[in-house]
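Here the structure comes first, spelled out in C-alpha cells, and everything after it is commentary.
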Amino acid sequence: MKYLLATCFAFLLFNTGFSQTYEGKQKHIDRILENIAQFSEYVMAGDSENIGAAYTEDAKIFPNNTDIIAGRVKITNYWKPSGEASVSYHKIIPSEIKIIGKEAYDYGYYEGKTLLADGKEISWRGKYVIIWKRVDGDWKIYLDIWNQIKD
C-alpha cells in the first residue's frame, strides 16, 4: 500500500509541473505550436531573417537587461549571430496557449545550449510570455518577453 501511495504521489508531482492547457480552435493551436517549433529551428540555424519574419511588423521584444526593441528590422538585427558562439539546442515548452479572437497568449519555459568558439557548451533556461496576432491567416509574434532562470 505504501508503494502504491508513493507511486501515485510521484506521478502527480512530476506530471503537474509539465501540464499544458490549450484553449481555442485546434487548428489555431496547432499552427502556433508549429510556429514555436519552427522558431527554435531558426534559432539553432542562426537564421535571423526567418526569426524576424516570425514577428509582426510592429512587434516588440523585451530581452533581459536591455531596452525594448521595436519593429521587425531591429528585431531581425537583434537575432543576428555574433560569430563567436552558436545555439546548438533550443526548445520552447508552452505551459498555456489561449486564443482570444485574432490574438492569443502563450507562456511557459525555454531551454537551450550555446556552443562557444572554444568548444565549451553552456546550458541555459528561462521563462517567457508571447502575445500572438493573426496576420494574413498566420500567427505572428507581437510581444515577446523572456527572462533567464539562474540555476
Side-chain angles (χ1 to χ4, degrees), residues 5 7-83 85-115 121-151:
L5 288 174
T7 302
C8 289
F9 178 76
F11 177 81
L12 291 173
L13 178 68
F14 291 113
N15 284 318
T16 55
F18 297 103
S19 65
Q20 297 171 317
T21 304
Y22 301 152
E23 291 183 37
K25 289 186 178 179
Q26 191 61 48
K27 70 178 185 176
H28 295 301
I29 298 292
D30 290 345
R31 185 63 187 144
I32 289 173
L33 290 169
E34 288 171 17
N35 288 350
I36 289 169
Q38 190 68 61
F39 188 90
S40 286
E41 289 179 27
Y42 295 147
V43 170
M44 290 184 290
D47 186 347
S48 60
E49 292 301 318
N50 275 317
I51 293 171
Y55 291 88
T56 63
E57 288 290 339
D58 60 343
K60 285 105 182 142
I61 62 173
F62 304 77
N64 271 343
N65 303 314
T66 188
D67 291 332
I68 297 168
I69 299 171
R72 186 182 283 166
V73 171
K74 289 182 181 177
I75 291 169
T76 300
N77 286 334
Y78 171 83
W79 285 105
K80 284 187 179 173
S82 67
S86 62
V87 177
S88 58
Y89 171 70
H90 187 270
K91 184 175 183 180
I92 300 170
I93 306 134
S95 296
E96 181 174 314
I97 299 173
K98 185 171 185 178
I99 311 288
I100 307 166
K102 293 188 179 203
E103 295 182 346
Y105 70 79
D106 158 28
Y107 72 85
Y109 294 93
Y110 65 88
E111 59 190 27
K113 294 180 182 181
T114 299
L115 183 60
E121 196 168 57
I122 299 171
S123 296
W124 36 266
R125 64 187 187 92
K127 56 194 180 297
Y128 74 92
V129 174
I130 293 175
I131 304 297
W132 298 84
K133 280 188 179 182
R134 197 156 170 228
V135 179
D136 298 327
D138 197 5
W139 289 95
K140 302 280 185 182
I141 301 168
Y142 172 57
L143 301 175
D144 187 4
I145 185 167
W146 63 93
N147 295 291
Q148 195 167 352
I149 297 172
K150 300 289 182 191
D151 289 325

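With sequence neighbours excluded, the residues forming a side-chain hydrogen bond (donor to acceptor under 3.5 Å, both in side chains) with Y107 are E96, listed by chain and number. Judged as a salt bridge (charged side-chain N to carboxylate O under 4.0 Å, His left out), and not counting sequence neighbours, the contacts of E34 are R31. In this view, K98 satisfies the side-chain hydrogen bond (donor to acceptor under 3.5 Å, both in side chains) rule with no residue, not counting sequence neighbours. Among residues two or more places apart in sequence or in another chain, the ring-ring contact (aromatic ring centres under 6.0 Å, His included) test is passed with F39 by W79. Remark: E49 pairs with no residue by the side-chain hydrogen bond (donor to acceptor under 3.5 Å, both in side chains) rule, at least two apart or across chains. Under the salt bridge (charged side-chain N to carboxylate O under 4.0 Å, His left out) criterion, E121 pairs with no residue at all, not counting sequence neighbours. Every side-chain hydrogen bond (donor to acceptor under 3.5 Å, both in side chains) that W124 has, sequence neighbours left out, goes to T114. Residues that satisfy the side-chain contact (heavy atoms from CB on, under 4.5 Å) test with Y89, not counting sequence neighbours, are K91, E111, K113. Residues that satisfy the salt bridge (charged side-chain N to carboxylate O under 4.0 Å, His left out) test with K102, not counting sequence neighbours, are absent from this structure. The side-chain contact (heavy atoms from CB on, under 4.5 Å) test applied to E41 returns Q38, not counting sequence neighbours.
Put simply, the side chain of N35 does not reach to within 4.5 Å of the side chain of I141, judged on heavy atoms. Residues I149 and Y109 form a side-chain contact, since some pair of their non-hydrogen atoms from C-beta on lies under 4.5 Å apart. Two residues are said to be in side-chain contact when any heavy atoms from C-beta on lie closer than 4.5 Å; I97 and L33 meet this criterion. By the 4.5 Å heavy-atom criterion applied to side chains, W146 and I61 are counted as neighbours.
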* Applying side-chain contact (heavy atoms from CB on, under 4.5 Å), run through I100 and Y105 and close with a yes or a no. => CA-CA 8 Å; I100 307 166; Y105 70 79; 4.1 Å; yes
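Between G108 and S95, the shortest heavy-atom contact is CA-OG, 3.6 Å. In plain terms, the two heavy atoms of K60 and I75 that are nearest each other are N-CD1, 4.1 Å. Q20 approaches P94 most closely through the heavy-atom pair NE2-O, 3.2 Å. In this structure, G46 and P81 approach most closely via the heavy-atom pair O-CG, 3.4 Å. K80 and S48 get closest at one heavy-atom pair: CG-OG, 3.3 Å. What you find for T76 and G52 is that their closest heavy atoms are OG1-CA, 3.2 Å.
Legend: salt bridge (charged side-chain N to carboxylate O under 4.0 Å, His left out) pairs involving residues 63-77, not counting sequence neighbours, sorted by first then second residue: E57-R72.
Taken to the nearest 0.5 Å, the CD atom of E23 stands 10.0 Å off from the CD1 atom of I99. To the nearest 0.5 angstrom, S40 atom OG is 4.5 Å from H90 atom NE2. Atom CD1 of I29 and atom OH of Y22 lie 8.0 Å apart (nearest 0.5 Å).
Ring planes of W139 and H28: perpendicular class, angle over 60° (limits at 30 and 60°).
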Listing, residues 126-137 side-chain donor-acceptor contacts under 3.5 Å, not counting sequence neighbours, or none:
residue: Y128; atom: OH; partner: D106; partner atom: OD1; Å: 2.6
residue: Y128; atom: OH; partner: D106; partner atom: OD2; Å: 3.4
residue: W132; atom: NE1; partner: D106; partner atom: OD2; Å: 3.4

